[in-house]
Engineer: 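My questions will all concern the structure given below.
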Amino acid sequence: LNADASADTAQPARPASADTVIRMVNVQKWYGQFQVLRDVNLEVRRGERIVICGPSGSGKSTMLRCINRLEEHDGGEIVVNRIRVDHDQRNVSVVRRDVGMVFQHFNLFPHLTILENCMLAPVWSRKYTRAEAREVAMAYLERVRIPEQADKYPSQLSGGQQQRVAIARALCMGPKVMLFDEPTSALDPEMVKEVLDTLVSLAEDGTTMLLVTHEMNFARQVASRVVFMDHGSIVEDTPPERFFHNPSQERIKAFLGRLL
Ligand code: ADP
Ligand code: MG
């Protein structure tokens, strides 16, 4: 049926525990001759909050983007909720519904109101009625504490408010895991806190999340694990206490030193 996929299917997925949400096994990716992901192995269980950090260019965004196939990996295996992320577009569609993603730049649709931004995917992809989608959207706008902005357009909101809308919009799809790629790094300093507070509150509710950030106080407070990447590899995957107090490698000490 699909010649490209046959090499992938030759090796069956290793059975994962029932609460595994994401499993990456020996994931490889190249951009031309440049290897951007090397032997990436990562398992994310339900309720885990994993902070990913590491130098610029180390492959953090690429790793996140491979999970919902915004980028294609070239080797190894990625499984999300028992569905293989592969050449089969049907699998990709299922995975994308289960994976919410929030980017550094909020990527709201400028010509739609806040409410319409939040209703769009549930109506088109989840087949909600407009009334259902509106109800869900308002519930999540309450959740990120900006229901009063529902009828405004993105350009009328501050950056911090827009990022909270982007978070609400992703939550409206009922994702099983949320991916955040530096959600506060494009914000003015005075707006970082309101977005971090939203993320802390999601974490406290048990939302499964993978979050690329350099906000190390946040990592210390809410991460169940900290993953450190360098040159396309995961070189540390450890609870925050150890990451901050007893880093195993000089390059992590150097990285933390630069952030101070
Ligand atoms: P990070 O998020 O850790 O800063 P990225 O995943 O964005 O790292 O990028 C990792 C490396 O891959 C960088 O060296 C970057 O220049 C390179 N890269 C990213 N996207 C592309 C692309 N589309 N084509 C070629 N190289 C890319
Ligand atoms: Mg990045």
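This is a predicted model, so every value here is computed, not measured. As the structure lists them, so they are numbered: ligands from 1, and atoms in each ligand from 1.
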Engineer: Between the main-chain N or O of E132 and the side-chain N or O of E135, is there a donor-acceptor pair closer than 3.5 Å?
Structural biologist: no
Engineer: Just to confirm my output: which protein heavy-atom neighbour is closest to atom 5 (P) of ligand 1, and how far is it?
Structural biologist: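 Result for atom 5 (P) of ligand 1: T62 OG1, 3.6 Å.
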Engineer: Which residue and atom name correspond to the protein heavy atom nearest atom 3 (O) of ligand 1, and how close is it?
Structural biologist: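 Answer for atom 3 (O) of ligand 1: K60 NZ, 2.8 Å.
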Engineer: Any salt bridge between E72 and R69, counting N to O under 4.0 Å?
Structural biologist: yes
Engineer: Go through the steps to decide whether R38 and D230 satisfy the test salt bridge (charged side-chain N to carboxylate O under 4.0 Å, His left out), and finish with yes or no.
Structural biologist: CA-CA 10 Å; R38 301 165 194 266; D230 198 15; over 6 Å; no
Engineer: Below 2.8 Å, which protein N, O or S atoms neighbour the Mg ion (ligand 2), ignoring water?
Structural biologist: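 N, O, S partners closer than 2.8 Å: S61 OG.
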Engineer: S58 versus ligand 1: do any nitrogen or oxygen atoms come within less than 3.5 Å of each other?
Structural biologist: yes
Engineer: List ligand 1 atoms under 4.0 Å from S56, heavy atoms only on the residue side.
Structural biologist: 4 (O)
Engineer: Quiz question for you: does at least one protein heavy atom lie closer than 4.0 Å to atom 13 (C) of ligand 1?
Structural biologist: yes
Engineer: When hydrophobic residues are tied together by side-chain contacts of less than 4.5 Å, even through go-betweens, does L211 share a cluster with L256?
Structural biologist: no
Engineer: Applying a 4.0 Å heavy-atom criterion (strictly less than), which segment of V36 is in contact with ligand 1: side chain, backbone, both, or neither?
Structural biologist: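 For V36, only side-chain atoms sit under 4.0 Å from ligand 1.
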Engineer: Check whether any side-chain heavy atom of M101 sits under 4.5 Å from a side-chain heavy atom of M178, and report yes or no.
Structural biologist: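 In short, these two side chains do not touch, never coming nearer than 4.5 Å.
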Engineer: Which of the listed options, Y31, F34, W30, holds the heavy atom that is closest to atom 24 (N) of ligand 1?
Structural biologist: Y31
Engineer: Among all protein heavy atoms, pick out the one at the shortest distance from atom 8 (O) of ligand 1; state its residue, atom name and that distance to 0.1 Å.
Structural biologist: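 Nearest protein contact, heavy atoms only, for atom 8 (O) of ligand 1 is G59 N, 3.2 Å.
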Engineer: Anything under 30° is parallel, anything over 60° is perpendicular, the rest tilted; go ahead and classify F243 against F228.
Structural biologist: tilted
Engineer: According to a 4.5 Å side-chain heavy-atom criterion applied to Ile, Leu, Val, Met, Phe, Trp and Tyr, with indirect links allowed, do F180 and V95 form part of one hydrophobic cluster?
Structural biologist: no
Engineer: For atom 1 (P) of ligand 1, which candidate among G32, G57, C53, C66 holds the nearest heavy atom?
Structural biologist: G57
Engineer: Return a table of donor-acceptor pairs under 3.5 angstrom between the side chains of residues 190-198 and protein atoms on other chains or two or more places apart.
Structural biologist:
| from | atom 1 | to | atom 2 | distance (Å) |
| --- | --- | --- | --- | --- |
| K193 | NZ | D197 | OD2 | 2.7 |
| E194 | OE2 | Q161 | N | 3.2 |
| E194 | OE2 | R164 | NH1 | 2.7 |
| T198 | OG1 | E194 | O | 2.9 |

Engineer: Name the closest protein heavy atom to atom 7 (O) of ligand 1, giving the residue it belongs to and the distance to 0.1 Å.
Structural biologist: S61 CB, 3.7 Å
